[in-house]
Amino acid sequence: MAARIERVKGRRVWDSRGRPTVEVEVAIHGGARGRAIAPAGASTGSGEAVDLRDGGAAFGGLDVARAVGGVDAEIGSALRGMDAADQEAIDRRLIELDGTPGKQRLGGNALIATSMAVAHAAAAADGVPLWKHLARGNRPGALPLPEIQIFGGGAHAARRLDVQDFMVIAVGAEDYGTALDWTAEVYRAAGKLLAASDRIAGVADEGGFWPMFETNEEALDLLVNAIERAGFTPGEDVAISLDIAATQLGRGGQYALAREGRRLTSEDMIAMLLGWLRKYPIVAIEDPLAEDDSAGIAAFTRAAGASVEVVGDDFICTDPRRIAAAADIGACNTALIKPNQIGTLTETKAALDAARAAGWNAIVSARSGETEDVTIVHLAVGWGIEQLKVGSFTRSERMAKWNEGLRLADELPTGLKLPERGRFRW
Ligand code: PGA
Ligand code: ZN
């Protein structure tokens, strides 16, 4: 029986940075309901779907009254009567209705919240959890391997550090629960080391420590130390992963490390990162060079990609065409999958398919501005995405996602099991 959409309602709610964002609720004839909230980035790629914001004085111009109005009026009328189980038809309708390449007319925020809310409603109408609805009869994936932020920098911490995310991956953990346990211990050890050296400046946007270091290498040294203090072997039990978010550091092949007062060319950046790979137990590097430096990203992938995940975020923007083009020139070997970068679930799945076609790994990711919405955890499991990145191991907009994984373990045939390891060192 089709899950006919009866009503689509938008609502302004608040994200983890205290900014307005769009929630959408979809009601199905017969009583089923689905709800989802759009997240928001701070270090956004220029190729991302554009959020519709009101401008003006209120809330720094970030209000979403127009986006919510569009959900209630145009989007609601267009989707009423459609079958919520036909996600592709729903998303096609949303894309046509918006009619702009960047989704700026109705807003990427309105579109992704609607697209995800429809999936939740269809799952509810069917009486199954979202991951199962998304898996659609295919075997679901196992729980994803967590990639968890310990220090935040860059655009998420007033640039007190150049590198945006210093993260850990519990590569030696036998299951999802153990990966969380180990990360909790490393987080505590890092906090104690920072406090003892009087280096905590505050909390970064994704909940990690916002530390005071003079150089990026000091942060890496302390992280290795924290892994050891927590009783783990760096690289074997717990490894490091970095999001350089290099688009924030420069354009046109010129980069500035403000903390260290250094100006670097693309070649210098590559040499610096390769030096870090030799010195530290790093298993993944995201956006190693800026989104406009595809030659640099390809060169870095050639040099490092056999043993390390070279992850594309701003560079590929969850866009299947960009992923195929990047794969053609050998730039990156792993796709960061952020549904709101592209604007609908169907296009997000197409991005994942493009990554798979290229032989890449995939990491589903939250944004720096988040909420209690846990849709991405269900995407990871339903679509078999092997890694999950949602920020730190503090604050409920992050913990809601990690905890959702623990809940899903009870529903999965594989329980807490992690996916098969990929072809990289992790
Ligand atoms: P953003 O950061 O959500 O601010 O874009 C997350 C990331 O760069 O991975
Ligand atoms: Zn990133």
Side-chain angles (χ1 to χ4, degrees), residues 15-19 21 37-51 53 62 108-109 112 144 146-169 203-208 210 240-250 269 273 282 284-293 297 300 309-319 322-323 326 331-343 348 351 355 361-371 373 375-376 380 385 387-392 395 397-398 401:
D15 75 12
S16 55
R17 277 192 281 245
R19 297 175 182 171
T21 189
I37 311 178
S43 64
T44 49
S46 60
E48 293 194 19
V50 181
D51 284 349
R53 304 272 180 184
L62 297 173
N109 43 0
I112 193 63
E147 181 185 27
I148 303 183
Q149 185 195 66
I150 305 295
F151 311 138
H156 299 164
R159 298 179 203 284
R160 195 63 190 68
L161 272 172
D162 301 298
V163 172
Q164 181 178 286
D165 289 306
F166 291 79
M167 297 170 285
V168 292
I169 303 181
V203 173
D205 279 4
E206 297 192 4
W210 173 15
I240 294 176
S241 125
L242 300 176
D243 182 0
I244 310 296
T247 307
Q248 299 285 319
L249 303 178
M269 278 287 279
L273 296 176
I282 296 170
I285 297 201
E286 182 176 325
D287 283 348
L289 296 138
E291 63 178 19
D292 66 350
D293 193 352
I297 297 174
F300 181 71
E309 286 189 324
V310 181
V311 186
D313 173 12
D314 295 349
F315 177 54
I316 55 169
C317 292
T318 316
D319 181 335
R322 285 172 193 262
I323 291 170
C332 298
N333 58 26
T334 303
L336 202 72
I337 301 288
K338 291 170 162 171
N340 82 322
Q341 280 186 322
I342 187 79
T348 306
N361 278 6
I363 305 171
V364 68
S365 170
R367 302 308 305 252
S368 49
E370 268 295 333
T371 68
D373 188 287
T375 308
I376 56 169
I385 299 177
Q387 281 172 265
L388 176 64
K389 175 190 180 199
V390 305
S392 76
R395 309 208 317 189
E397 80 279 6
R398 315 288 152 188
K401 278 101 169 152

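Numbers here simply count residues along the sequence, with the first being 1. Order of appearance sets the numbers: ligands from 1, and atoms from 1 within every ligand.
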Based purely on interatomic distance, does Lys338 place a nitrogen or oxygen under 3.5 Å from a nitrogen or oxygen of ligand 1?
-> yes
Determine whether Ile169 and Gln387 make a side-chain contact, defined as any pair of heavy atoms from C-beta on separated by less than 4.5 Å.
-> yes
Below 4.0 Å from any atom of ligand 1, is there a heavy atom belonging to Ser43?
-> yes
Minimum-distance pair of heavy atoms, taken over all atoms of Met167 and Asp243 | CE-N, 3.7 Å
Looking at Asp243, which atoms of ligand 1 are within less than 4.0 Å of one of its heavy atoms?
-> 7 (C), 8 (O), 9 (O)
Heavy atoms only: give me the nearest Asp314-Thr44 pair and the separation to one decimal.
-> OD1-C, 3.9 Å
N/O separation below 3.5 Å, His156 to ligand 1 | yes
Looking at Asp313, which of its N, O or S atoms is the nearest one to the Zn ion (ligand 2)?
-> OD2
Below 2.8 Å, any N, O or S contact between Asp165 and the Zn ion (ligand 2)?
-> no
Thinking salt bridges, do Asp15 and Arg367 make one under a 4.0 Å N-O criterion?
-> no
Roughly how far, to the nearest 0.5 Å, is SG of Cys332 from CZ of Phe300?
-> 10.0 Å
Could you tell me whether Lys338 and Glu48 make a salt bridge, using a distance below 4.0 angstrom between a side-chain N and a carboxylate O?
-> no
Looking at atom 8 (O) of ligand 1, what's its closest protein heavy atom, distance included?
-> Gln164 NE2, 2.8 Å
Gly41 heavy atoms, cut-off 4.0 Å: which ligand 1 atoms fall inside?
-> 1 (P), 3 (O), 4 (O), 5 (O)
Distance-only N or O hit between ligand 1 and Glu286, under 3.5 Å = yes
Closest protein heavy atom to atom 9 (O) of ligand 1, given as residue, atom name and distance to 0.1 Å | Lys389 NZ, 2.7 Å
Give, for atom CG of Asp319 and atom OG1 of Thr348, the distance between the pair rounded to the nearest 0.5 Å.
-> 10.5 Å
What atoms of ligand 1 come closer than 4.0 angstrom to any heavy atom of Asp313?
-> 7 (C), 8 (O), 9 (O)
Taking just the N, O or S atoms of Asp243, which one is nearest to the Zn ion (ligand 2)?
-> OD2
Give yes if a backbone or side-chain nitrogen or oxygen of Thr44 is under 3.5 Å from a nitrogen or oxygen of ligand 1, and no if not.
-> no
Would Asp287 count as a contact for the Zn ion (ligand 2), in the sense that one of its N, O or S atoms lies under 2.8 Å from it?
-> no
Nitrogen or oxygen atoms of Gly369 and ligand 1 under 3.5 Å apart | no
What protein heavy atom is closest to atom 5 (O) of ligand 1, reported as residue, atom name and distance in Å?
-> Arg367 NH2, 2.7 Å
Taking only Lys NZ, Arg NE, NH1 and NH2, and the carboxylate oxygens of Asp or Glu, determine whether Glu291 and Arg322 approach each other closer than 4.0 Å.
-> no
Note: Glu370-Arg395 ion pair, threshold 4.0 Å (strictly below) | no
Give the name of the N/O/S atom in Glu286 that lies closest to the Zn ion (ligand 2).
-> OE2
Do Thr21 side-chain atoms and Ala38 backbone N/O form a donor-acceptor pair below 3.5 Å?
-> yes
Given side chains that start at C-beta, do those of Leu336 and Gln341 come closer than 4.5 Å, heavy atoms only?
-> no
